[in-house]
Amino acid sequence: MTQGDYRGDYPRRASDFRSATPPYIPPQALEGVRTRRIMAVGLDLILVSAISVALFFGLFILSFGMSALLLPPLFPIVAFFYNGLTVSGWRMATPGMAFMDLEMRTMQGEPVPFLQAAVHAVLFYVTWMLPPLLLVSFVTSDKRCLHDIVADVIVLRRSA
């Protein structure tokens, strides 16, 4: 096939170019989401830190100190499973998010599967290394951060 053989002149229909239209989100579902998310992150960081410290000391004692060099990456591992398991669970939120009356859903309105929730957590912690990326939520109409957009999720207030 030469360069001139491909012209791209095949029939095109409007249905071939379907774009993902964002779902309708009631304004009350986004009220105070940023502030609540900040407070939820604080609560979740305290919980993840407590779990990590407890596991560190438990494993340190059980291994008679032999695992001391292997335990420092414990916090990211705990955070990965903490976010993945809690967000993909029946509450659709971490304990901090649930306390702040928030839930996470996919952009299609479905519960977030484990892998997508865990990847969202990894992207969240990467975003913390570049704090200006958190400012994206001020320019998006649905208050989504960059890691939310990449993971294709949205954080909403729980419906009453």
- Message: Quick test of your reading of the model: are D148 and R37 salt-bridged, counting only N-O distances below 4.0 Å?
- Response: yes

Next on the checklist: Is the shortest side-chain heavy-atom distance between P76 and Y125 below 4.5 Å?
Outcome noted: no

The reported gap from CD1 in I149 to CG in L123 (rounded to nearest 0.5 angstrom) is 11.5 Å

Side-chain H-bond candidate by donor/acceptor type, N83 with H120, under 3.5 Å: no

Flag side-chain contact, heavy atom, 4.5 Å: M97 against V155 | yes

Transitive ILVMFWY side-chain link V53 to L47, under 4.5 Å
yes

Item to complete: Apply side-chain contact (heavy atoms from CB on, under 4.5 Å) to L156 and L102, showing your working.
Response: CA-CA 6 Å; L156 302 167; L102 297 171; over 6 Å; no

Open item on the list: Measuring only between side-chain heavy atoms, which start at C-beta, is M92 closer than 4.5 Å to V87?
Closed with: no

Rounded to the nearest 0.5 Å, the CD atom of Q28 sits from the CZ atom of R157 at a distance of 9.5 Å

**Request:** Applying side-chain contact (heavy atoms from CB on, under 4.5 Å), run through V153 and Q116 and close with a yes or a no.
**Result:** CA-CA 9 Å; V153 296; Q116 191 173 3; 3.7 Å; yes

Nearest heavy-atom contact between S88 and A117 is N-CB, 4.4 Å

message = Applying a strict under-4.5 Å side-chain criterion to I, L, V, M, F, W and Y, I'd like to know whether L146 and W128 cluster together.
response = no

### Query
Any donor-acceptor pair under 3.5 Å linking the side chain of K143 with the backbone of R34?
no

Notebook entry, point to check: Would L45 end up clustered with Y82 when hydrophobic side chains under 4.5 Å apart are linked, directly or stepwise?
Noted result: yes

**OP:** Tell me whether I154 is reachable from V150 by hopping between hydrophobic residues (I, L, V, M, F, W, Y) whose side-chain heavy atoms are closer than 4.5 Å.
**Re:** no

Original post:
Is R105 atom CZ crowded by more than 12 heavy atoms from other residues, nucleotides or ligands, each under 6.0 Å away?
Top reply: yes

Notebook entry, point to check: Do F114 and F81 touch side chain to side chain, with heavy atoms closer than 4.5 Å?
Noted result: yes

Notebook entry, point to check: Is it true that a side-chain atom of D44 and a backbone atom of G96 form a donor plus acceptor pair closer than 3.5 Å?
Noted result: yes

Query raised in the report: Does a side-chain heavy-atom distance below 4.5 Å link H147 with L134?
Result: yes

Item to complete: Test L85 against F80 for side-chain contact (heavy atoms from CB on, under 4.5 Å), laying out the working first.
Response: CA-CA 8 Å; L85 292 171; F80 179 84; over 6 Å; no

A side-chain contact here means heavy atoms from C-beta on lying under 4.5 Å apart; do C145 and L135 qualify? no

Answer whether the closest heavy-atom distance between the side chains of V78 and S52 falls below 4.5 Å. yes

query = Taking a hydrophobic cluster as the set of Ile, Leu, Val, Met, Phe, Trp and Tyr residues connected by side-chain heavy atoms closer than 4.5 Å, whether directly or through intermediates, do L55 and I77 fall within one such cluster?
reply = no

Output for pair (R144 CZ, L30 CG), nearest 0.5 Å, gives 10.5 Å

Point to revise | side-chain contact (heavy atoms from CB on, under 4.5 Å) assessment of T86 paired with R91 | key: CA-CA 7 Å; T86 57; R91 282 189 184 176; over 6 Å; no

